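First up is the structure itself, then whatever we jot down about it.
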Amino acid sequence: AFYLETAPKRAVIAGAGYIAVEFAGIFHGYGARVDLCIRKDRFLRGFDDDIATFLQDQMIKQGVNVRPRTQIRKVEQVAGRKGWFHVTFDNGETVEADVVMSAIGRKPKLEGIGLERAGVETCDKGFIKVDRYQRTNVPSIFALGDCTDTLQLTPAALAEGHCFADTQFGGNERFSDLEDVATAVFSHPNIGTVGLSETDAEGKYGHIKVFKSEFRPLKHTMTESTERSIMKVIVDAKSDRVVGMHMVGAHAGEMMQGFAAAIKCRITKKQLDSVIGIHPTSAEEFVTMRTMAYEKGGSDTV
C-alpha cells in the first residue's frame, strides 16, 4: 500500500485489526470511498469495548463504510478497466474498486530455518514460545520480536533485544517488563491506551470503578467539525490504583505515553486527581474526572 503510484478512488479492505483500521483512515483521507469488511459486529477486538465502539461510530460518521459480519468471497478483474476489480461479498453484493487490501493478520515466516529439526516449540498460531529471557525450550536457542508469542510491537522488540544483549553479553541480567505497555492506533481520530480494558480489569480485580468523559474538543468548536473524543479511567476499587487509561481523540498516543509512566509507577486515582491540568488542552480531562460513571463487581454495583 505504501508503493501505490496514485491515490485510490475506491478501496475495499478486509480486516478488523489496527492495520486495517489505520489504512481505512488513510485511504479515506485521500478522498477514496472505503469499504471496511469485518467478520464480527465491531473492529479492534481486544481493545476496550467503549473505545473501539466509539471509534467505529466516528469513522462511520466520517463516511467510511464499515461492513459488519462481511467477508470477501471473490475478486475479479474488471474487463476493459485496467487496475479495477469486481469484489463480491458473502451476501452476494458486489462493488468495483481499484484497491483491494487484505489485512487479516500475520503469521511468522519461519519455514525452512530448521526449527522442527532443532526441536523448538511453537504455539498453535506458529509463533515461537519463549520465556521472559527470550529463551526457547532449547536452552541454546533464543528468539525475540514478532516471531514470538509475546507482545508484537516494535518498542517491545527493541526492549527485548536490549535486555537479551545485556543479559548474555553485558553482565546485567534483566528481562523486558511487558505489563502496562502503552500503544496507539493511528486511526482518524487516534486511539491511545495503556493498562487493562474494563472487561479485563473486572476479571482481574473484581470490583472496579469507571470514570468516563465524552466531549467535543475545544478546537473543533471553532470549526464545522463534529468530531468528538472519549476518555476513560479504570480504577481498582480496593487499592484505588489506576489500572487502565484509554482515549479516542487527536494526539491520543502522545498523551498516553506520559500517562503510561504514571501507571507504571502505580499511580492512584487520588494522586491523579491531585494533578493540576494544563488549560486549554484535552489532556486535562484525565485529571479532572472526579465523578465516577459507574462501578462493577462490588456489592453495591451501580
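These numbers were taken from a predicted model, which means no experiment stands behind them. Computation of the quantities below employed the complete heavy-atom set of this structure, encompassing side-chain atoms and omitting hydrogens, waters and symmetry-equivalent molecules.
- Using a 4.5 Å heavy-atom cutoff, the side chains of Val185 and Asn190 are not in contact.
- For the atom pair CD1 of Ile263 and CZ of Arg241, the computed distance is 7.5 Å after rounding to the nearest 0.5 Å.
- For the residue pair Phe89 and Arg67, the shortest heavy atom distance occurs at CE1-CZ, 3.5 Å.
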Before giving the answer on side chain to side chain donor-acceptor pair (under 3.5 Å), spell out for Thr223 and Ser225 the whole-Å C-alpha distance, their side-chain angles and the decisive distance to 0.1 Å. CA-CA 5 Å; Thr223 72; Ser225 173; 4.6 Å; no

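- More than 12 heavy atoms of other residues, nucleotides or ligands sit less than 6.0 Å from atom CZ of Phe215.
- Linking ILVMFWY side-chain heavy atoms closer than 4.5 Å, directly or via other members, places Ile230 and Met245 in two distinct hydrophobic clusters.
- In this structure, Val66 is a member of the same hydrophobic cluster as Phe23, with clusters built from ILVMFWY side-chain heavy atoms closer than 4.5 Å.
- Pairing each heavy atom of Ile276 with each of Val287, the nearest pair is C-CG2, 4.5 Å.
- Listed for the Asp273 side chain is no donor-acceptor partner under 3.5 Å among the backbone atoms of Arg290.
- Gln77 has its side chain within reach of Phe85: a pair of non-hydrogen atoms, C-beta onward, lies under 4.5 Å apart.
- Of the possible polar contacts, one joining the Thr136 side chain to the Ile141 backbone as a donor-acceptor pair under 3.5 Å is found.
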Apply side-chain contact (heavy atoms from CB on, under 4.5 Å) to Ile234 and Leu196, showing your working. CA-CA 8 Å; Ile234 302 166; Leu196 299 176; 6.0 Å; no

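- With rounding to the nearest 0.5 Å, the separation of NE2 in His246 from CE in Met256 is 8.0 Å.
- No continuous path of ILVMFWY side-chain contacts below 4.5 Å connects Val100 to Val21, so the two sit in separate hydrophobic clusters.
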Determine whether Ile19 and Met101 satisfy the following criterion, side-chain contact (heavy atoms from CB on, under 4.5 Å), listing intermediate values before the conclusion. CA-CA 10 Å; Ile19 292 176; Met101 181 178 182; 4.2 Å; yes

Would you please test Lys232 and Glu198 for side-chain contact (heavy atoms from CB on, under 4.5 Å) and show each step? CA-CA 9 Å; Lys232 188 172 181 179; Glu198 181 180 319; 2.7 Å; yes

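- Taking the charged nitrogens against the carboxylate oxygens, Lys270 and Asp240 have no contact shorter than 4.0 Å, which rules out a salt bridge.
- Listed for the Asp166 side chain is no donor-acceptor partner under 3.5 Å among the backbone atoms of Gly170.
- Going from atom CD of Gln56 over to atom CG of Leu44 covers 8.5 Å, rounded to the nearest 0.5 Å.
- If you chain together hydrophobic residues whose side chains sit under 4.5 Å apart, Leu144 and Leu151 never meet in one group.
- With hydrogens and angles ignored, the 3.5 Å screen pairs a side-chain donor or acceptor of Thr70 with a backbone N or O of Pro68.
- Surrounding CD1 of Ile104 are at most 12 heavy atoms belonging to other residues, nucleotides or ligands under 6.0 Å away.
- Heavy atoms of other residues, nucleotides or ligands lying less than 6.0 angstrom from CD of Gln168 number more than 12.
- Side-chain N or O atoms of Thr167 include none that pairs as donor or acceptor with a backbone N or O of Phe164 at under 3.5 Å.
- Shortest non-hydrogen contact noted between Met247 and Ala250 is CE-O, 3.8 Å.
- Considering only heavy atoms from C-beta on, Met231 comes within 4.5 Å of Ser282 through its side chain.
- Using a 4.5 Å cut-off on side-chain heavy atoms (C-beta onward), Arg132 and Cys163 make no contact.
- The neighbour count for Arg266 CZ, taken as heavy atoms of other residues, nucleotides or ligands under 6.0 Å away, does not exceed 12.
- Taken to the nearest 0.5 Å, the CZ atom of Phe186 stands 11.0 Å off from the CD1 atom of Ile191.
- Within 6.0 Å of atom CZ in Arg117, 12 or fewer heavy atoms from other residues, nucleotides or ligands are found, so the atom counts as exposed in its surroundings.
- By the 4.5 Å heavy-atom criterion applied to side chains, Met59 and His28 are not counted as neighbours.
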Working for side-chain contact (heavy atoms from CB on, under 4.5 Å), residues Lys74 and His86: CA-CA 8 Å; Lys74 187 166 53 175; His86 279 298; over 6 Å; no

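- Taking CD of Glu227 as the reference point, atom CD of Gln58 lies at 6.0 Å (rounded to 0.5 Å).
- Under a cut-off of 6.0 angstrom, the local environment of NZ in Lys209 is sparse, with at most 12 non-hydrogen atoms contributed by other residues, nucleotides or ligands.
- Between Leu55 and Phe43 there is a side-chain heavy-atom pair separated by less than 4.5 Å.
- Tyr133 and Val138 fall into different hydrophobic clusters, where Ile, Leu, Val, Met, Phe, Trp and Tyr are joined by side-chain heavy atoms under 4.5 Å apart, directly or via other members.
- Of all heavy-atom pairs between Gly253 and Ala184, the closest is CA-CB, 3.9 Å.
- Of all heavy-atom pairs spanning Val181 and Val194, the tightest one is C-CG2, 4.1 Å.
- Checked against Arg42 for a salt bridge (charged side-chain N to carboxylate O under 4.0 Å, His left out), the options Asp50, Asp49, Asp57 give a single hit: Asp49.
- Using a 4.5 Å heavy-atom threshold, the side chains of Arg39 and Gln71 count as touching.
- Rounding to the nearest 0.5 angstrom, the gap separating the CG atom in Asn65 from the CG atom in Leu36 is 9.0 Å.
- What you find for Tyr205 and Val243 is that their closest heavy atoms are CE1-CG1, 3.6 Å.
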Which donor-acceptor pairs under 3.5 Å do side chains of residues 1-13 form with protein atoms, sequence neighbours excluded?
unit_1 : atom_1 : unit_2 : atom_2 : d
Arg10  : NE     : Asp35  : OD1    : 2.8
Arg10  : NH2    : Asp35  : OD1    : 2.9

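- Annotation: side chain of Val233 is in contact with side chain of Phe286 (closest heavy-atom distance under 4.5 Å).
- A side-chain donor-acceptor contact under 3.5 Å links Gln134 to the backbone of Ala143.
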